[in-house]
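Okay, structure first, notes after.
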Amino acid sequence: MNSVHIKYEVISEIRHGSPYNLAKLYVADNSFYIQPDAHWQDKHAWSQDNRYLAQIQWAINNDEPGFFIMMFDRATGEVVRSKRIIGCCNELFLGNDLIIHYETYTLVSFKNEKQKYGLVKGTIQMI
């Protein structure tokens, strides 16, 4: 499949002073529809064959940052949503095996410790 042009229009930081953005998303492709103003982050990854798009969608609950990974299938038009992941997506990679590798900036300290934030790596397979 041909590559698809993605354009982000950054609206604001997700929180004041944050390096993570809230953006409108525009995709030049007729195989699926993405609502432009559905609280997207300016992070995505394509499968090697350009069939699958993994896109970050913000999911903030009670001022606690979190996100979903949305997986779009250009061949079928199917859309799959991950479980909510706590934190802010720092990196996203979609491997040849369709396993999504992500890195999130999140709380890493335990309950009785001083709050400490850091990067945590994770994987998820959605298809």
Looking only at heavy atoms, what is the nearest atom pair of [X] and [Y], with distance?
X: Gly87; Y: Phe67; result: O-CD2, 3.4 Å
X: Tyr117; Y: Leu107; result: CD2-N, 3.4 Å
X: Gln35; Y: Trp40; result: O-NE1, 2.7 Å
X: Gln125; Y: Asp97; result: NE2-O, 3.3 Å
X: Gln55; Y: His44; result: OE1-CB, 3.2 Å
X: Lys116; Y: Ser109; result: N-OG, 3.1 Å

Any [X] side-chain heavy atom under 4.5 Å of [Y] side chain:
X: Arg74; Y: Leu53; result: no
X: Gln41; Y: Ile14; result: no
X: Arg84; Y: Asn61; result: yes

Any donor-acceptor pair under 3.5 Å linking the side chain of [X] with the backbone of [Y]?
X: Thr104; Y: Thr106; answer: no
X: Ser47; Y: Arg51; answer: yes
X: Asn62; Y: Glu64; answer: no
X: Arg81; Y: Phe68; answer: no
X: Thr123; Y: Ile100; answer: no

Path from [X] to [Y] over hydrophobic side-chain contacts below 4.5 Å:
X: Val10; Y: Leu25; value: no
X: Ile69; Y: Leu94; value: yes
X: Tyr105; Y: Ile86; value: no
X: Tyr102; Y: Trp58; value: no
X: Ile85; Y: Ile99; value: no

Crowding at [atom1], [X] (>12 non-hydrogen neighbours, <6.0 Å):
X: Ile11; atom1: CD1; result: yes
X: His101; atom1: NE2; result: yes
X: Gln48; atom1: CD; result: no

State the [atom1]-[atom2] distance between [X] and [Y], to the nearest 0.5 angstrom.
X: Ile56; Y: Cys88; atom1: CD1; atom2: SG; result: 10.5 Å
X: Glu78; Y: Tyr52; atom1: CD; atom2: OH; result: 8.0 Å
X: Trp46; Y: Phe72; atom1: CH2; atom2: CZ; result: 9.5 Å
X: Lys24; Y: Glu9; atom1: NZ; atom2: CD; result: 5.5 Å
X: Asp73; Y: Met126; atom1: CG; atom2: CE; result: 11.5 Å
X: Asn90; Y: Leu119; atom1: CG; atom2: CG; result: 5.0 Å

Would Ile34 and Tyr26 count as a side chain to side chain contact (heavy atoms under 4.5 Å, CB included) if you check the C-alpha gap in whole Å, the side-chain angles of each, and the deciding distance to 0.1 Å? CA-CA 7 Å; Ile34 294 180; Tyr26 300 97; over 6 Å; no
